[in-house]
Amino acid sequence: MTDTQPKDTTESIIKITGMHKWYGDFHVLSDINLEVQHGERIVICGPSGSGKSTMIRCINRLEEHQQGQIIVNGTELTNDIKNIEKVRAEVGMVFQHFNLFPHLSIIENLTLGPIWVRKTPKKEAEELAMEYLEKVHIAEQAKKYPGQLSGGQQQRVAIARSLCMKPEVMLFDEPTSALDPEMIKEVLDVMIELAEEGMTMLVVTHEMGFAEKVADRVMFMDYGEIVEQNTPKEFFDNPQHDRTKLFLSQIL
Amino acid sequence: MNTPQQPSRAYLAAPIRKIGALAWFKDNLFNTWYNSLLTVLTLVGLWFIVPPFLKWAFIDSLWYSSAEACRDIEGACWSIVPNNIKFIILGFFPEGQEWRPILAMIMLLSLVFYSKERTRWNKRLGWFWAIGLIIMGSLMYGGLFGMPVVETAQWSGLPLTMMLSFFGMVAAYPLGVLLALGRRSKMPAIKTLCVVYIEMIRGVPLISLLFMSSILFPLFLPDGMTIDKVLRAQVAIILFTAAYIAEVVRGGLQAMPRGQYEAADSLGLNYRQTMRLIILPQALKIVIPPTVGILLSAFKDTSLVVIIALYDVLKTTKVTLSNPKWTGYSTEAYIFLAVLYFICCYAMSSYSRRLEKELHTGH
Ligand SMILES: Nc1ncnc2c1ncn2[C@@H]1O[C@H](COP(=O)(O)OP(=O)(O)O)[C@@H](O)[C@H]1O
Ligand SMILES: [Mg+2]
C-alpha cells in the first residue's frame, strides 16, 4: 500500500480548515484551523468541556463535522464510508478508558485490525503483534485477557493495538486520566519512546511534564476554540491570553 | 514480573465461625420467631404430604405388571410406562423400524454433547454437524439403503418434539439476531419492517400461528400444491421464537458500551466486522440466561402442535391413556412425562451454564 510509494512529506498530514461542529443547537467547535506536519507532536490542553475530545474525534470521524474541511493524509473526510474507513485505518486512537475488547485475548486484540482490515496473514499478524507488545514492555501477557491486566498495562496494550495498524498519526484522548498515579509513568514512558521514534502524535493531556518534554507545539482550547498555540517553552513561560494564564495557574 | 516481598508483620488467623448442625439450624431456620413459625408450619405440612406420597409411589405401587394386576392395588401403577413406552416415545413410527429414530436421537444428543467444548469449535465441527444432520434426516425419512420411506405424518413422539424444538431453536436464533440488528438499523425501511414483525408476532399466541399455518396458509397456495404439515409447524415455531429472541438480543446490544463501537471504528473495521467480531460475541454472551429461558419455553411450547393433529410426546401419552385398559392411570403417565420434560430442560440449562463458563474471559 502506502509503503511502496515514497511519501510526499512536504504536504501536511492533517489539514483542518474553517471547521465547525454542532451537537444539535450547541455550537461545540468554532472555526478550527489546524495543520499538522509529518512527525509533529502536538499537545492539546484546556478546561473540561472545551471540545478537545470532540476535535480529535473529528479527525477519525468518530464525530461528524458540519462545516469546513478535514483532510487526513490526502483523503478528505466526507460521508463516503470508504474514505472514512481508509482514514481510520491510517489514524490510531487511544482512549481514556482503553476500550480493549474484553472477550479477546491480548494478542487477539492486537491482531484483529491487521487481519481483518489490512488482510495480513494470521501468522504474520501475530509476529507483528508480539513485536509491538515487546515494544510496550508487556509481551509476557499476550495470552491473558484484558480483565486480568492492570489499568496501566491495559492502556499500553491499547497503544500497541493501534500501532499494529502501522498508523501515520496517533491520537491520544487523555490516555492517563483514568489511571492510578503509580501507573501513569509507565504509559507516558511508552508515549515518549514513540515520540522519539518520530511518530506524528496529537495528545490531549494535562500532563505538562510530558508536554514540555516531547511537544513541538502546545495548544490551548477553550469554549470550542483554539485560543493559542506555541512551543512548550513560550507557552508555559509566556502565555499570551488571559484565559491561558488562568488555566495554567490552575493546573500547574 | 518480580513477586512482591512479604513484609514482616503479624498475620492473625481469621475469627472462628460457629459450625456444627445445631448452629446451622439456629442460624438458618430458627433465627427469628416468625422464621421459627414458618419452619414449624413447613415441617407439619411436609409430614402430611411426603409419607403418603412415598407410600403411594413406592410402597403400594407396581412397576412391571399387566393393567389387570393394577386394579387391586392402592398405590401407583407405574406399569403404564414400561407397557406403553414404545408408543409414548416413538408414536406411529412403523413396526420394525424403531431403531431409526432412536439412532437419530442418539446422534443428535452426541453431536450436541461433543460441541460443548470451545476448543472443538472449528471447521471440522461444522462438517460433523452437516454430515450428522444429513444422516439423521435419511434415518427418519428413509428411502435409502433399503430403508422404507416413513412419511412425516408418521413422525411422532419424542423424535418429533426434539426435532421441532431443536430446529426451532437453531433456526430462530440467527433469525432473531438479524431482527434485533434490523430493529437498531439506521435505515428506516428495515427498522420499521423489523419492529412491525416483532411486535405482530409477540402480540399473537403460538396456537394461532400454528392454526394459521395449518388452515389459513394452505388456502393461499395454488390448487394441488401442498406443503408438508410438519414443515409448516416447524416454520411457525421458528418465526414465533425468533421474535422473542430478537428482543432479548436487542437488550444485549443496548448493554454494550459505546467505547466498544468506537474502538472497532477507530481500527477501521466496517459495520459487519464490528458486529460479528466485537459486538455480537459480547452481547450474545450477556443474554445467554434470558435466551435459554426463551428456548426452554419454546421446547415446552412444541406440545401445542397437537392442535394441528401432530403427535408429539404429550399427545402420544394422551392416546395411551385413551386406551380403556389404561384409562385410570393418568397421574402416573403425566408424572413420567413431567420427569421427561424436566430432564430435557435441566440438561438444556446446565448446558447453557457450561457454555457461559466456557466463554468467560475474566471481566
Ligand atoms: N454526544 C454529545 N452530545 C451533546 N453534547 C456533547 C456530546 N459530547 C460532548 N458534548 C458536549 O460538548 C462539549 C465538549 O465536549 P468534549 O469534547 O468532550 O470536551 P473535553 O474533551 O474538552 O472535555 C461539552 O460541553 C460536552 O458536554
Ligand atoms: Mg475529553
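Scope of the values below: all heavy atoms of this structure, side chains included, with no hydrogens, waters or symmetry mates.
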Undergrad: Where does Glu262(B) contact chain A at under 4.5 Å (heavy atoms): side chain, backbone, both or neither?
TA: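 Contact with chain A is through both the backbone and side chain of Glu262(B).
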
Undergrad: Going by the side chain to side chain donor-acceptor pair (under 3.5 Å) test, name the single residue among His137(A), Gln153(A), Arg156(A) that passes it with Glu186(A).
TA: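 The side chain to side chain donor-acceptor pair (under 3.5 Å) with Glu186(A) is passed solely by Arg156(A) among His137(A), Gln153(A), Arg156(A).
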
Undergrad: Whether Lys135(A) and Glu197(A) form a salt bridge (side-chain N of Lys/Arg under 4.0 Å from carboxylate O of Asp/Glu) is what I want to check.
TA: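 Lys135(A) and Glu197(A): salt-bridged.
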
Undergrad: Please report the interatomic distance NZ(Lys357(B)) to NZ(Lys116(B)), rounded to the nearest 0.5 Å.
TA: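 Rounded to the nearest 0.5 Å, the NZ-NZ separation comes out at 11.5 Å.
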
Undergrad: Can you list the residues of residues 54-65 of chain A that sit under 4.5 Å from chain B, counting heavy atoms only?
TA: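 Heavy-atom contacts from residues 54-65 of chain A to chain B are Arg57(A), Asn60(A), Leu62(A), Glu63(A).
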
Undergrad: Which residue pairs satisfy the ring-ring contact (aromatic ring centres under 6.0 Å, His included) criterion with at least one member in residues 245-299 of chain B, sequence neighbours excluded?
TA: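 Output for this query lists Phe299(B)-Tyr341(B).
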
Undergrad: Before accepting this row, confirm whether a basic side-chain N of the pair Glu199(B)/Arg202(B) lies closer than 4.0 Å to the acidic partner's carboxylate O.
TA: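 Arg202(B) and Glu199(B): salt-bridged.
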
Undergrad: Angle class for the Trp22(A)/His20(A) ring planes (parallel below 30°, perpendicular above 60°, tilted otherwise)?
TA: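 Judged by the thresholds at 30° and 60°, the geometry between Trp22(A) and His20(A) is parallel.
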
Undergrad: By a 4.5 Å heavy-atom criterion (distance strictly below it), what part of Arg276(B) contacts chain A: side chain, backbone, both, or neither?
TA: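 It is the side chain, since no backbone atom gets that close.
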
Undergrad: Quick check on Phe95(A) against chain B: is it the side chain, the backbone, both or neither that has a heavy atom closer than 4.5 Å?
TA: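 Interface part for Phe95(A): side chain.
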
Undergrad: Would you mind checking which part of Leu171(A) comes under 4.5 Å of any heavy atom in chain B, side chain (CB onward), backbone (N, CA, C, O), both or neither?
TA: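 For Leu171(A), neither part sits under 4.5 Å from chain B.
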
Undergrad: For the residue pair Tyr114(B) and Phe128(B), categorise the inter-ring angle as parallel (less than 30°), tilted (30 to 60°) or perpendicular (more than 60°).
TA: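 Tilted: the ring planes of Tyr114(B) and Phe128(B) meet at 30° to 60°.
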
Undergrad: For chain B, which of Val91(A), Ile81(A), Leu112(A) has the most heavy-atom pairs under 4.5 Å?
TA: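 Of the candidates given, the most pairs with chain B belong to Leu112(A).
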
Undergrad: Please step through side chain to side chain donor-acceptor pair (under 3.5 Å) for the pair Asp173(A) and Ser53(A), ending with a clear verdict.
TA: CA-CA 6 Å; Asp173(A) 191 358; Ser53(A) 300; 2.9 Å; yes

